[in-house]
Each structure stands twice: as C-alpha cells, then as structure tokens.
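Worksheet: the structure to be examined is printed underneath.
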Amino acid sequence: MIRSIEPMIDFFLREKGEHIHINGMQQLALIQDAADKIQYEDDKFIRTSVEIKTGDYVDYRSERYLTVSQIDRNEYSFRGRIRKCNDRIAFNWNGNVKWFDSIIEGKAFSIDTGNVISLPDGNVHLSLQNNADTKMISLHQRFYHTHQPFKVTGIDHTVKGIIKLSCTLDLISTPYDDVESNIADRWQFEFPHTNMMKPDSDQSKQNDPLTIRGDSILKLGTIKSYTLGDNGNHSIQWSLRNQDHSTPVMGIITASTGNNVTVKAGSQSSYINKYIVLSATQTSDPTITIEKTIQIKNLF
C-alpha cells in the first residue's frame, strides 16, 4: 500500500475493504500481510479511515489482533501494524477473575541492536491492552499459560496503549490453583467443583472425573446438545455465563431436561472467539457443580 491511494481511500475501502471490529465497533479496513513468507508471528498492516491507536483490539477473520505499532496518520487514513493474540490469560483478584486476550512470547526485541533475542528458559513476555483492568496487575501476581504457572517480575508502561509484562515460571499451588482451567488461586476463593454421588451408594464413594459431554465449539447462532455424564437421577440446575463474567451472556439455554440441555450461541460477530461456560449444579447441594467451557466460532 502506498500513499498515492490517500485521496481515494474511501473508494478503496468500499471496493477492497473488509469488515473488521476495532474495540468491538464494526469498521471497514484494508488488511495486508506484513511479511512475504509465513512466520510464527501473524503480523498484518491495517489501513482505515477511522482513527486507530496503539493497543486497540482488532477482530479480523475470526481472530483477535492487538495493534502493536505506532500509528502512521495521513490526511485521509490511519495505518498501523497488528499482531494476532495467541492466548487468553486469566488474572485473579481475590476471586474476581478476568480474562485478557494477549500476546505471549518467549523472546524479546532489542531496541539497541534491532535483533530478536531469546529469553532464558522459563521466562516469557506478555503484551496486553493498557486499560483500567490491566492497570491492576501487580508484581508477583500469578497466572497460567498452557497449564503452567507464571508470576509477574516486571511491568513496562513505556509503550502508550500497551502493558508489557516480564514473567517467569512459578510453582504450582496444589490446594488453590485450577490447573485444568488455567486459573491461579481459584480454589482459595471458591469451593472446588466436586463430583456428584451415585445413587444408593456409600457417601464416601464418588463418580470418576465427571464431565459435561458435548462439543467444545459452538458456531454463531447454532444449537448443540450437552449431557452430564452421570447415571444418577439428580435434580440439576443448568446455567450459562461468559467466561470473563461480562454481560450480556453470549448464548442461551433453549431447553433442559434432567441431565440433558441444549445451548444456542448468540449471533453477533463480536462474540467470535469468545468463551461461554455451561454449568450443571446439583439443586440439593449448590456447592456441587460441573462446568464446561465452550468457544464461539464463526459459521465459516
């Protein structure tokens, strides 16, 4: 893309532009690969007639990107570099768990030499949008990445719009960490999810790692069925929430009968690559709950 298209940017956006979302708002943009060969980092150039800023989230073709460069502001357009988020990280504030789309890397860029350098084993860098929630992240705060615990050892606010965290491997806290769900210190503030009892059995005996059976991917506007893998005739209360506890919920329960339930995903494109959590709670003992995380994907 060259500057000569500037006077006709609106025409090019109408003819060649693609629908994207910038911080949840639908816009038209011209998207171009930032490299002529496939690389591990999925970087792209974006040009649009609406203002974009470093740290903006861009949803493009069912993937979420973070604007990582300074913005080239011209007379008619804004141009920048975006990088695909490769993980969704949960931070826990005394039981208040919030999820963040992020870029996690095992290497760093040297400003002095212009080279990409490897970090020592067990160290990673995390890039997040700088907002009111991420500003609360503190030194030594723990999180999970691919079922491994890390702690924050450095916080960099020098890039406007982005918070960069230096992190190192930490030890698993067996009594408190929900390793499977990648949530640090979860059981310090919540009751662990326990298995439901089999009917007519000794109360000291429990079912094996009990789960909700069904697809972990639900496409926009579609309906799927889920079943609690339990032979008992329990009274179950089904519920649905967003993984990050935001509202409105990005799906609905259309029907439920005993151990079976059907769930419909919402149809808004901003829900793509987000997560909802289906919960089955035993009405006689609400502390007994089984959950399944479901990702919402595009129809195509």
Side-chain angles (χ1 to χ4, degrees), residues 34-35 37-43 54-55 57 63-69 81-131 133-190 192-193 209 216 243-244 273-275 291 293 295:
K37 60 182 180 180
I38 297 176
Q39 296 182 341
Y40 178 77
E41 296 84 6
D42 185 357
D43 283 17
T54 305
Y57 281 126
E63 301 287 355
R64 171 153 285 191
Y65 292 75
L66 182 68
T67 307
V68 295
S69 71
R81 188 184 190 102
I82 58 177
R83 179 169 296 171
K84 186 165 70 175
C85 297
N86 58 8
D87 204 354
R88 193 163 167 80
I89 300 296
F91 282 94
N92 190 346
W93 288 274
N94 298 325
N96 183 16
V97 178
K98 295 189 176 183
W99 293 83
F100 303 98
D101 293 294
S102 60
I103 299 169
I104 190 162
E105 303 169 290
K107 57 188 178 182
F109 183 79
S110 171
I111 296 176
D112 295 332
T113 65
N115 295 324
V116 175
I117 56 176
S118 296
L119 296 173
D121 288 342
N123 290 264
V124 296
H125 280 175
L126 196 64
S127 296
L128 307 160
Q129 184 184 71
N130 190 337
N131 55 43
D133 290 327
T134 57
K135 279 184 171 68
M136 296 190 299
I137 297 172
S138 59
L139 286 174
H140 309 300
Q141 192 162 359
R142 301 171 67 251
F143 66 91
Y144 268 77
H145 165 63
T146 60
H147 310 294
Q148 296 185 81
F150 289 82
K151 66 179 177 181
V152 177
T153 56
I155 303 177
D156 182 358
H157 293 274
T158 57
V159 177
K160 187 176 181 180
I162 292 178
I163 289 180
K164 294 186 175 183
L165 307 178
S166 299
C167 314
T168 189
L169 270 175
D170 196 28
L171 298 176
I172 293 176
S173 175
T174 304
Y176 295 136
D177 291 346
D178 184 349
V179 180
E180 181 180 356
S181 300
N182 285 312
I183 302 176
D185 303 318
R186 182 177 187 180
W187 307 134
Q188 185 175 357
F189 306 100
E190 297 180 39
H193 296 159
S216 59
Q243 187 186 50
D244 59 5
N273 291 328
K274 301 291 183 62
Y275 293 83
E291 291 189 343
T293 301
Q295 185 179 27

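The basis for the numbers below is simple: all heavy atoms, side chains too, and nothing from hydrogens, waters or symmetry mates.
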Decide yes or no on side-chain contact (heavy atoms from CB on, under 4.5 Å) for Trp187 and Thr174, but give the supporting numbers first.
CA-CA 10 Å; Trp187 307 134; Thr174 304; over 6 Å; no

Taking [X] for the side chain and [Y] for the main chain, is one N or O donor matched with an acceptor at less than 3.5 Å?
X: Asp177; Y: Val179; result: no
X: Ser166; Y: Thr153; result: no
X: Asp185; Y: Gln188; result: no
X: Trp93; Y: Met136; result: yes
X: Arg88; Y: Lys274; result: no

Decide, yes or no, whether a salt bridge links Lys98 with Asp244 under the criterion of side-chain N to carboxylate O below 4.0 Å.
no

Taking NE2 in His140 as the centre, count heavy atoms belonging to other residues, nucleotides or ligands within less than 6.0 Å. Is the count above 12?
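No, the 6.0 Å shell around NE2 holds no more than 12 heavy atoms from other groups.
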
Going from [atom1] on [X] to [atom2] on [Y], what distance comes out if it is rounded to the nearest 0.5 angstrom?
X: Cys167; Y: His145; atom1: SG; atom2: NE2; value: 10.5 Å
X: Gln141; Y: Ile155; atom1: CD; atom2: CD1; value: 8.0 Å
X: His125; Y: Leu165; atom1: NE2; atom2: CG; value: 9.5 Å
X: Arg186; Y: Glu180; atom1: CZ; atom2: CD; value: 10.0 Å

Derivation and outcome, side-chain contact (heavy atoms from CB on, under 4.5 Å), residues Ile163 and His157
CA-CA 5 Å; Ile163 289 180; His157 293 274; 3.6 Å; yes

Min side-chain heavy-atom separation [X]-[Y] under 4.5 Å:
X: Asn130; Y: Ile162; result: no
X: Phe150; Y: Ile89; result: no
X: Ser127; Y: Arg83; result: no
X: Asn86; Y: Lys84; result: no
X: Gln129; Y: Thr134; result: no
X: Leu126; Y: Phe143; result: yes
X: Asp133; Y: Trp99; result: no

Nearest atoms (heavy-atom pairs only) where [X] meets [Y]:
X: Thr293; Y: Gln243; result: CG2-NE2, 3.7 Å
X: Ile183; Y: Ala90; result: CG1-CB, 4.3 Å
X: Asn182; Y: Gln148; result: OD1-N, 4.5 Å
X: Ser69; Y: Thr54; result: O-OG1, 2.5 Å
X: Ser102; Y: Leu128; result: CB-CD2, 3.2 Å
X: Asp87; Y: Ile104; result: CB-CG2, 4.2 Å

Yes or no on side-chain contact (heavy atoms from CB on, under 4.5 Å) for Asn92 and Tyr176, after CA distance, side-chain angles and deciding distance?
CA-CA 12 Å; Asn92 190 346; Tyr176 295 136; over 6 Å; no

Are Tyr65 and Asp42 linked by a side-chain donor-acceptor pair shorter than 3.5 Å?
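Indeed, the side chains of Tyr65 and Asp42 share at least one donor-acceptor pair under 3.5 Å.
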
Would you check if there is a donor-acceptor pair between the side chains of Asp101 and Tyr57 at a distance under 3.5 Å?
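No.
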
